[in-house]
Amino acid sequence: MRCDLCAEKPCREGNACSSCDAAALYADAEDRRMMRAASEVEAEYYGEVNRIEEIILFSRKMGYKKLGLSFCSGLAEEAAKTARILENYFEIESVNCKVCGVPKSEMGAMESDKVGKISCNPIEQAEMLNKAGTELNLLLGLCVGHDAIFIKHSQAPVVPLAAKDRMLAHNPLGAVYCSAIYKRMLKEAEEARAEKEGAQEK
């Protein structure tokens, strides 16, 4: 499917171009409870609260008592401020990405003078929060790929709080909103596609 190419979006009005058995998809009681809580927050507070407030509202509706915060060590200050807010409502467990201090050489990861020689450790982050019994885990600035590994190994549901994008002040959609960056990226993508097609022709 390529829903991004659909100008009409009839599904918004219930006139979908494909069908599914939603009742079967959400037969699991916990999934239905999460859907209901998320829908209630959306309906009651749409456009009136920020993402941290949405997380608090959603978690309280779900009855969560303990939240996990998995964060990039480069965003330690932001993690501390976030935890300071959240601990007024929940018990907080937090784990930074460099937990255990494992050298990149031991992980088979590439070293770089830009980011140091200690490896990120997303599986251990997830394992520590699993052992702590967190009911919802928040992602704060993990690297692309490391976030995927964390989500794969987290036993609790995962909500991204902020995605790392150092070029755009951790606002990845800035690349879409800023026409100069967007045009550059499109041009580079088109050149790469042309180069690939040229290589295939040979």
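Residue numbers count from 1 along this sequence. Excluded from the calculations below are hydrogen atoms, water molecules and symmetry mates; all remaining heavy atoms, backbone and side chain alike, are included.
- Panel note: side chain D147, backbone G145; a donor-acceptor pair is recorded below 3.5 Å.
- Of the possible polar contacts, one joining the K104 side chain to the G116 backbone as a donor-acceptor pair under 3.5 Å is found.
- Within 6.0 Å of CD on E77 lie no more than 12 heavy atoms contributed by other residues, nucleotides or ligands.
- Judged as a salt bridge (charged side-chain N to carboxylate O under 4.0 Å, His left out), not a single pair has a partner in residues 116-133 (not counting sequence neighbours).
- Environment of CD in E8: sparse, with no more than 12 heavy atoms of neighbouring residues, nucleotides or ligands closer than 6.0 Å.
- Heavy-atom neighbours of R60 CZ from other residues, nucleotides or ligands within 6.0 Å: at or below the threshold of 12.
- A 6.0 Å sphere centred on CE of M185 holds no more than 12 heavy atoms belonging to other residues, nucleotides or ligands.
- Rounding to the nearest 0.5 Å places CG of L168 at 4.5 Å from CG of D165.
- In this structure, E135 does not pair ionically with K65, as no charged nitrogen and carboxylate oxygen lie closer than 4.0 Å.
- Looking only at distances, a side-chain donor or acceptor of E53 sits under 3.5 Å from a matching main-chain atom of N50.
- The closest donor-acceptor contact from the side chain of K66 to the backbone of A132 lies under 3.5 Å.
- With N130 contributing its side chain and H153 its backbone, the two residues share a donor-acceptor pair below 3.5 Å.
- Chaining together hydrophobic side chains whose heavy atoms lie under 4.5 Å apart leaves M110 on its own.
- Between the side chain of N96 and the backbone N or O of C72 there is no donor-acceptor pair closer than 3.5 Å.
- Without hydrogens or angle criteria, K98 side chain to I118 main chain gives a donor-acceptor distance under 3.5 Å.
- Counting only distance, with no hydrogens or angles, the side chain of E93 and the backbone of G68 share no donor-acceptor pair below 3.5 Å.
- Enclosure of atom CZ in R32 is not indicated, since only 12 or fewer non-hydrogen atoms of other residues, nucleotides or ligands lie within 6.0 angstrom.
- Pairs of residues two or more places apart, or lying in two chains, that qualify as salt bridge (charged side-chain N to carboxylate O under 4.0 Å, His left out) and include a residue from residues 10-31 are E30-R33.
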